[in-house]
Amino acid sequence: MSNPARPPASGALAERPPLTFPPGFLWGAATAAYQIEGAATEDGRGPSIWDTFSHTPGRTVNGHTGDVACDHYHRLDSDLALMAELGLKSYRFSVSWPRVQPGGSGPANEAGLDFYRRLVDNLLANGIEPWLTLYHWDLPQPLEDAGGWPARDTAARFADYATLVADALGDRVRYWTTLNEPWCSAFLGYGSGVHAPGRSDGADAVRAGHHLMLGHGLAVQALRAVRPTAELGVTVNLYPVDPASDAPGDVDAARRIDGLANRFFLDPLLRGSYPADLMADLAGTTDFGHVREGDLATISTPLDVVGVNYYSRHVVAAPVPGAEPEPYWRAPSCWPGSEDVRFVTRGVPVTDMNWEIDAPGLVETLRRVHEEYTDLPLYVTENGSAFVDEVVDGRVDDADRLAYFDAHLRAAHEAIEAGVPLRGYFAWSLLDNFEWAWGYTKRFGMVHVDYDTQVRIPKSSASWYAEVIRRNGLAAQ
Ligand code: FCB
C-alpha cells in the first residue's frame, strides 16, 4: 500500500522537537449521533432526514444507512471504557433530536434523554468533560415535511429543543455547541442535495443557512436562560480559499468561494452582518427577503467559545467555458451564484476522501478567525482523515492517519505560538462510522470497527494519541 501522507522515514522527522501544549489544553475526540448510535427505531426515536435520505435508493454508497451504525446505543459501556483507556479529557458527542423529541416539537421523550443522561454521568464519573452538540444534521423528519430549514419556524423549533435538552442536562454539561457545520446542512442538504434532505435549490440553501443561524442565536439565548454559566458556542467548517494564480478572474473566484464557504457564516455570527460582496454575488439567487429586522442581532448573540472544524483547503480558478463540472461538489451545485468556479487540484497528497492534506491551512484558518473576527477562545472541534485501513494479525497500523494528526497538531501549536487562544483539539473521530453519503466506505476512526461483528480495535493512531494526551504534547521525533 502506498502511503502518500507518511512523513519521510528519516531527516525532517528526526529534527522535530518536542512540543508542549498550554496547561489544561482540552484533548478530545468527537462523534455524531447518527454516525454511531444505530438503534434507529428504539425507545421512541422518530425518523430524521438522514433516515429518510439513506433509505432512499441511490442516495448513499451501497444504500448504507445508520440503522445499526456502530451500535453505540447498545455498547455505551464498552465505548466509554475505550474513551477512558485513551485518557480523553473531553468527548464531543451530538444529541439526536429525533431521539429526544421525535416529532420535532412537543414533549420530551424521556427514554431518549435517559441515554444521554447515562452517557454524561459516566463521562463525568471517568473524569471526561462532556461536550454536547445539539445539532449534527439529524433534523426530525416531521420538521422537514413542514418545510425544513428553509422555513423560518424551524429556527423556533430548534430553540425549544435546546431548552428541553438544557432542562435535562444543563446541570451537568458545561460545553454546548448549537450547530455543527451549518454550511453542510444548508449547502449540501438544500443546494447540491448530496446530503439529507437531498433538495437542490440555491435560494432554499441560502434561506436554510439563515434560519440555521437564527436557530443558533435563539438557542444560545434559551441555553443562557437555563444555564448562565455554560460555555456556549457554534462549530463552523472553514477552509482557506486560494486563487490558483494571481489572474484577476482566479482572485475573484477565491473571493466568491470564500464568501459562500466561510464569510456567509462568520460575518453574521461574529459581526452581525452579511458581507456586501456575498449578497451581490447571490443577487441572482435570492433577494434576502427572508432576513427580518432583528435577525442579525439574534444571530450574533454573544458566545463564549468558537469551534472550528478543519480538514483541507480550496484552490479555485475562474470559470472556463464548457469545462466539465466536478462530481461531488457540483451535483448540481453547492455554490449558488458561483456555480462555474473551478476547483483545482494541486497534485499534493490526498486522503481517501480525495481531500488534499494541508496542515498549514489550519494555522491560517485559526489565525484568521482570531485576527479578523474574535478574541474568544477557539477549539478545533474536528480534524482528521480517512484512509484505507487493513487489519493484520488483529492490529491496524494506520501510519497515514497518525502522520495527519501529527502534522495538524504541530500546526495547532504553531497557531498558539502566533497568539491564537486555542484551548482544545478534538480528533475526528473516536470510531470508524457512517460517513454520510459515503456510508461505511470511508474510515476516519482512531478505533477500527468491524461492522459485521462490532468488534473494536484501537489503531496505532489511538495509542499514539493517548501518549500525546498523557504528555500534553508531542514527543521529539
Ligand atoms: C465533517 C462532519 C463529520 C464528519 C467529518 C469527516 O464535515 O462534521 O460528521 O463527516 O466531516
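Counting starts at 1 for both ligands and their atoms, in listed order.
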Does Trp355 reach ligand 1 with a nitrogen or oxygen that is under 3.5 Å from one of the ligand's nitrogen or oxygen atoms?
no
Contact region, Glu435 to ligand 1, non-hydrogen atoms below 4.0 Å, reads side chain
Would you say Trp428 has any N or O atom under 3.5 Å from an N or O of ligand 1, going by distance alone?
no
For atom 11 (O) of ligand 1, the option (of Trp183, Trp438, Tyr311, Tyr34) bearing the nearest heavy atom:
Tyr311
About how many Å separate CD1 of Ile128 and CG of Leu80, when rounded to the nearest 0.5 Å?
7.0 Å
Nearest neighbour in protein (non-hydrogen) for atom 7 (O) of ligand 1
Glu181 OE1, 2.5 Å
Aromatic plane relationship, Tyr451 with Tyr440 - under 30° parallel, 30 to 60° tilted, over 60° perpendicular
tilted
Side chains of His136 and Ser94: donor-acceptor distance under 3.5 Å anywhere?
no
With heavy-atom distances below 4.0 Å as the criterion, list the atoms of ligand 1 near Phe444.
6 (C)
Suppose I only count heavy atoms of Trp436 and a 4.0 Å limit; which atoms of ligand 1 are within that range?
3 (C), 4 (C), 9 (O), 10 (O)
Record the part of Asn180 in heavy-atom contact with ligand 1 below 4.0 Å; permitted values are side chain, backbone, both and neither.
side chain
On the ring face of Tyr465, is Arg401 found with NZ or CZ under 6.0 Å from the centre and within 45° of the axis?
no
Between His136, Lys442, Met353, Glu382, which one has a non-hydrogen atom sitting closest to atom 1 (C) of ligand 1?
Glu382
Quick one: do the Asp358 and Ser312 side chains pair a donor with an acceptor below 3.5 Å?
no
Trp137, any N or O under 3.5 Å of ligand 1 N or O
no
Please tell me if the side chains of Phe387 and Arg443 come closer than 4.5 Å, counting only heavy atoms from C-beta onward.
no
Does NZ or CZ of Arg423 lie under 6.0 Å from the centre of the six-membered ring of Phe25, at an angle within 45° of the ring axis?
no
